[in-house]
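Computed over heavy atoms, backbone and side chain alike; hydrogens, waters and symmetry mates excluded.
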Amino acid sequence: MAEEIKDGNPDYSYCSSGEWDGGLWEEAKPIYAAAFPEHGRKPERIVRAMFRKGMCRLHAARLNGEPAAMALSGPDTGRGIWVIDYLAVADSWRGQGIGKRFLDDIRAEAEAFPWCRGIVVEAEAEETEVNLARIRFWQACGFQLTGYVHHYIWVPEPYRALALSFPGREALSLDGRELFKAITAFHERAYRK
């Protein structure tokens, strides 16, 4: 079951679950579907399998009681990183700081694990205004953009990795190829039976 945490602001609440929570998923699913095209998101059966494998967390935020943001993430304990697979803010709440606040909650959760050195995420590399805005968001949150452009065989868009190292811990590599080994391994584990 998801544990809800209030931070003193009655309008904002954050919760996270490492077990499948159908109610939380139903809240997050419309945000997930609106933010990511069908070819770019994992089907629900794969997301459920990720929970069964113990490799996934579902994060959700609410503002004024309504779903405002969602994310799927998971640990790579061998590499000492936390991978954010998906993160999205509902259209009606964009541009109001919810994304950064939500990411701060996810970061605090990941940083609580002593083995975790930082967070890695991938962003679309094509230079469209939407993609550049996403990259600016991650950079404004402290992530460093790598130069390497990765091409998956199963999706048409190219991607770049961004990394955020936690203070006082061994820094993450800023070699995009190296980061994509971790990101690709995460995706492969998700789809593996």
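Distance check: D85 CG to I46 CD1 gives 11.5 Å after rounding to the nearest 0.5 Å. The structure places CZ of R94 at 12.5 Å from CD1 of I98, a figure rounded to the nearest 0.5 Å. The line from CE of M55 to CG of L72 is 10.0 Å long, rounded to the nearest 0.5 Å. In this structure, F102 CZ and W93 CH2 are separated by 14.5 Å, a value rounded to the nearest 0.5 Å. Between the CZ atom in F143 and the CG atom in L174 there is a gap of 12.0 Å [rounded to 0.5 Å]. Of the inter-residue distances, the one linking K100 atom NZ with W138 atom CH2 reads 12.0 Å to the nearest 0.5 angstrom.
Minimum heavy-atom separation, K193 to K53: N-NZ, 4.5 Å. Looking at every heavy atom in both residues, F186 comes nearest to G74 through CE1-CA, 3.8 Å. Considering every non-hydrogen atom in both A123 and I135, the closest pair reads CB-CG1, 3.9 Å. Here the shortest heavy-atom pairing between A161 and I183 reads CB-CD1, 4.1 Å. Of all non-hydrogen atoms in G80 and L172, the two that sit nearest each other are O-CD2, 4.4 Å. Of all heavy-atom pairs spanning L63 and A68, the tightest one is N-CB, 3.9 Å.
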Please lay out, stage by stage, how R136 and E129 fare under the test salt bridge (charged side-chain N to carboxylate O under 4.0 Å, His left out). CA-CA 10 Å; R136 285 191 300 272; E129 191 51 45; 2.8 Å; yes
Kindly indicate, with the supporting measurements, whether the criterion side-chain contact (heavy atoms from CB on, under 4.5 Å) is fulfilled by Y159 and E124. CA-CA 4 Å; Y159 287 85; E124 292 90 343; 3.7 Å; yes
Derivation of the side-chain contact (heavy atoms from CB on, under 4.5 Å) call for H151 and V149: CA-CA 7 Å; H151 296 272; V149 176; 3.8 Å; yes
CA sep, side-chain torsions, deciding dist, call: D76, V120, side-chain contact (heavy atoms from CB on, under 4.5 Å): CA-CA 10 Å; D76 182 334; V120 174; over 6 Å; no
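If you chain together hydrophobic residues whose side chains sit under 4.5 Å apart, L164 and F113 fall into the same group. One hydrophobic cluster, built from ILVMFWY side chains closer than 4.5 Å, holds both I153 and Y191. Hydrophobic clustering (side-chain heavy atoms under 4.5 Å, transitive across Ile, Leu, Val, Met, Phe, Trp, Tyr) keeps L132 apart from V121. Linking ILVMFWY side-chain heavy atoms closer than 4.5 Å, directly or via other members, places I31 and F36 in a single hydrophobic cluster.
Salt bridge status for R134 with E122: absent, with no side-chain N to carboxylate O gap under 4.0 Å. Under 4.0 Å is where a charged nitrogen must lie from a carboxylate oxygen, and between R107 and D104 no such pair does. Salt bridge present: K29 and E44 bring a charged side-chain N and a carboxylate O closer than 4.0 Å.
In this structure, R41 contributes its side chain and A35 its backbone to no donor-acceptor pair below 3.5 Å. Proximity of a side-chain donor or acceptor of Y32 to a complementary backbone N or O of K42 within less than 3.5 Å is detected. S165 places no side-chain N or O within 3.5 Å of a backbone atom of G118 that could act as its donor or acceptor partner. A donor-acceptor pair is defined here as one N or O able to donate and one able to accept, closer than 3.5 Å; no such pair exists between the side chain of R117 and the backbone of I81.
Counting only heavy atoms from C-beta outward, the side chains of C56 and R189 never approach each other to under 4.5 Å. Counting heavy atoms from C-beta outward, E127 and N131 have side chains that stay 4.5 Å or more apart. The side-chain heavy atoms of C116 and E111, taken from C-beta on, include no pair separated by under 4.5 Å.
Atom CD of E66 has more than 12 heavy atoms from other residues, nucleotides or ligands within 6.0 Å. Within a 6.0 Å sphere centred on CZ of R169, other residues, nucleotides and ligands contribute more than 12 heavy atoms.
Shown here are the side-chain contact (heavy atoms from CB on, under 4.5 Å) partners of R57, two or more places apart in sequence or in another chain: S16, H59, S73, W82, E109. In this structure, E38 has no side chain to side chain donor-acceptor pair (under 3.5 Å) partners at least two apart in sequence or on a different chain.
Using a 30° and 60° split on the angle between ring planes, H150 and Y152 fall in the perpendicular class, above 60°.
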